[in-house]
Amino acid sequence: QVQLLESGGGSVQAGGSLNISCEVSGNIFRTYCMAWYRRAPGKEREGVATFDFNGDIKYGNSVKDRFTISKDDLKGILYLHMTNLKPEDTAVYYCAASHAICNLRIGDNVVYEYKYWGQGTQVTVSS
């Protein structure tokens with residue numbers, strides 16, 4: 001059974017950096033698209049970055065040039081390196097996996113498009 005477990009969230013001041021991780025049980029990196037989504041208070045879920053099994057990487061416009069997605073195939077860990085953080089980056093960050101799609105969009109019903117989700121990790125950026 002595939003399980004996703006995020007870690008590394010916390011509080012940071014604006015302009016700072018933070019790394020979060022997603023430990024993935026089950027060898028799915030070779031066949032699944034891995035993604036980071038986030039949900040800020042009062043807002044819908046938003047796609048942050050995707051890392052497809054073929055190596056394609058995409059970023060949401062709001063995080064482009066500030067965030068970097070990467071993965072360690074041997075360890076089965078997905079990473080998100082976040083720099084120049086802004087208060088509007090405050091959200092619960094979720095790791096997700098899909099065998100069928102690899103999209104970045106805004107909308108809570110994206111939970112039905114990605115098969116597996118982690119429980120989320122809180123990132124808080126203060127001004």
Side-chain angles (χ1 to χ4, degrees):
Q1 185 175 352
V2 176
Q3 291 185 321
L4 310 179
L5 182 62
E6 301 94 337
S7 62
S11 298
V12 64
Q13 288 193 326
S17 299
L18 197 65
N19 297 320
I20 57 177
S21 303
C22 174
E23 188 173 343
V24 182
S25 66
N27 185 18
I28 64 171
F29 280 174
R30 293 187 177 184
T31 55
Y32 275 69
C33 167
M34 302 302 301
W36 285 102
Y37 268 77
R38 66 185 182 186
R39 190 173 189 207
K43 294 187 176 181
E44 291 187 287
R45 209 163 286 216
E46 175 191 10
V48 175
T50 59
F51 199 138
D52 208 346
F53 67 89
N54 63 5
D56 287 346
I57 292 175
K58 297 178 183 178
Y59 295 97
N61 289 332
S62 61
V63 306
K64 201 172 294 184
D65 299 326
R66 298 189 299 122
F67 290 12
T68 301
I69 188 172
S70 63
K71 60 181 180 174
D72 187 322
D73 288 350
L74 291 179
K75 294 182 179 179
I77 300 177
L78 182 73
Y79 301 98
L80 187 67
H81 177 54
M82 303 179 287
T83 64
N84 191 19
L85 282 160
K86 305 175 182 180
E88 51 264 42
D89 293 319
T90 295
V92 177
Y93 283 72
Y94 298 92
C95 174
S98 173
H99 189 54
I101 62 165
C102 201
N103 65 2
L104 285 172
R105 67 178 190 86
I106 297 175
D108 285 337
N109 59 359
V110 72
V111 297
Y112 301 110
E113 298 176 2
Y114 281 80
K115 184 173 184 179
Y116 300 109
W117 289 85
Q119 84 292 343
T121 186
Q122 176 71 46
V123 172
T124 302
V125 184
S126 58
S127 57

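Since the structure is predicted, the reported quantities are computational estimates derived from the model, not experimental observations. Only this structure's heavy atoms are used, side chains among them; waters, hydrogens and symmetry mates stay out.
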Would you give the length of the straight line joining atom [atom1] of [X] to atom [atom2] of [Y], rounded to the nearest 0.5 angstrom?
X	Y	atom1	atom2	answer
S11	L85	OG	CG	11.0 Å
L4	I28	CG	CD1	6.0 Å
N27	L74	CG	CG	10.0 Å
N84	F67	CG	CZ	9.0 Å
L18	H81	CG	NE2	9.5 Å
L80	S70	CG	OG	8.5 Å

Locate the shortest heavy-atom distance separating [X] from [Y]; write the atom from each residue and the value.
X	Y	result
G120	V92	CA-CG1, 3.8 Å
F29	V24	CE2-CG2, 3.8 Å
I69	Y59	N-OH, 3.0 Å
L78	A35	CD2-O, 4.0 Å
G60	L104	N-CD1, 3.6 Å
S127	A14	CA-CB, 4.3 Å

Checklist entry - Does K71 NZ have over 12 foreign heavy atoms under 6.0 Å away? => result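 Yes, the 6.0 Å shell around NZ holds more than 12 heavy atoms from other groups.
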Next on the checklist: Using a 6.0 Å cut-off, check whether atom CG of D56 has over 12 heavy atoms from anything other than its own residue.
Outcome noted: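 More than 12 within 6.0 Å, yes.
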Checklist entry - Once the angle between the rings of W117 and Y94 is folded into 0 to 90°, is it parallel (under 30°), tilted (30 to 60°) or perpendicular (over 60°)? => result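 W117 and Y94: perpendicular rings.
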Checklist entry - Where does the angle between the aromatic ring planes of Y32 and H99 fall among parallel (under 30°), tilted (30 to 60°) and perpendicular (over 60°)? => result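 It falls in the tilted class, 30° to 60°.
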Are [X] and [Y] joined in one hydrophobic group, where the rule is that I, L, V, M, F, W and Y side chains link up if heavy atoms are under 4.5 Å apart?
X	Y	result
V12	I20	yes
Y116	V48	yes
I101	I57	no

Checklist entry - Does the pair E44 and V110 meet the rule for a side-chain contact (heavy atoms from CB on, under 4.5 Å), with working shown? => result CA-CA 10 Å; E44 291 187 287; V110 72; over 6 Å; no
Does the side chain of [Y] come within less than 4.5 Å of [X]'s, by heavy atoms?
X	Y	answer
M82	V123	yes
C22	W36	yes
Y79	N19	no
Y114	M34	no
N109	R45	no

Hey, is the main chain of [Y] close enough, under 3.5 Å, to the side chain of [X] for a donor-acceptor pair?
X	Y	answer
E46	R38	no
E23	G76	no
T121	S7	no

Next on the checklist: If you apply the rule side-chain contact (heavy atoms from CB on, under 4.5 Å), what do you find for T90 with Q122, and how did you get there?
Outcome noted: CA-CA 8 Å; T90 295; Q122 176 71 46; 3.9 Å; yes
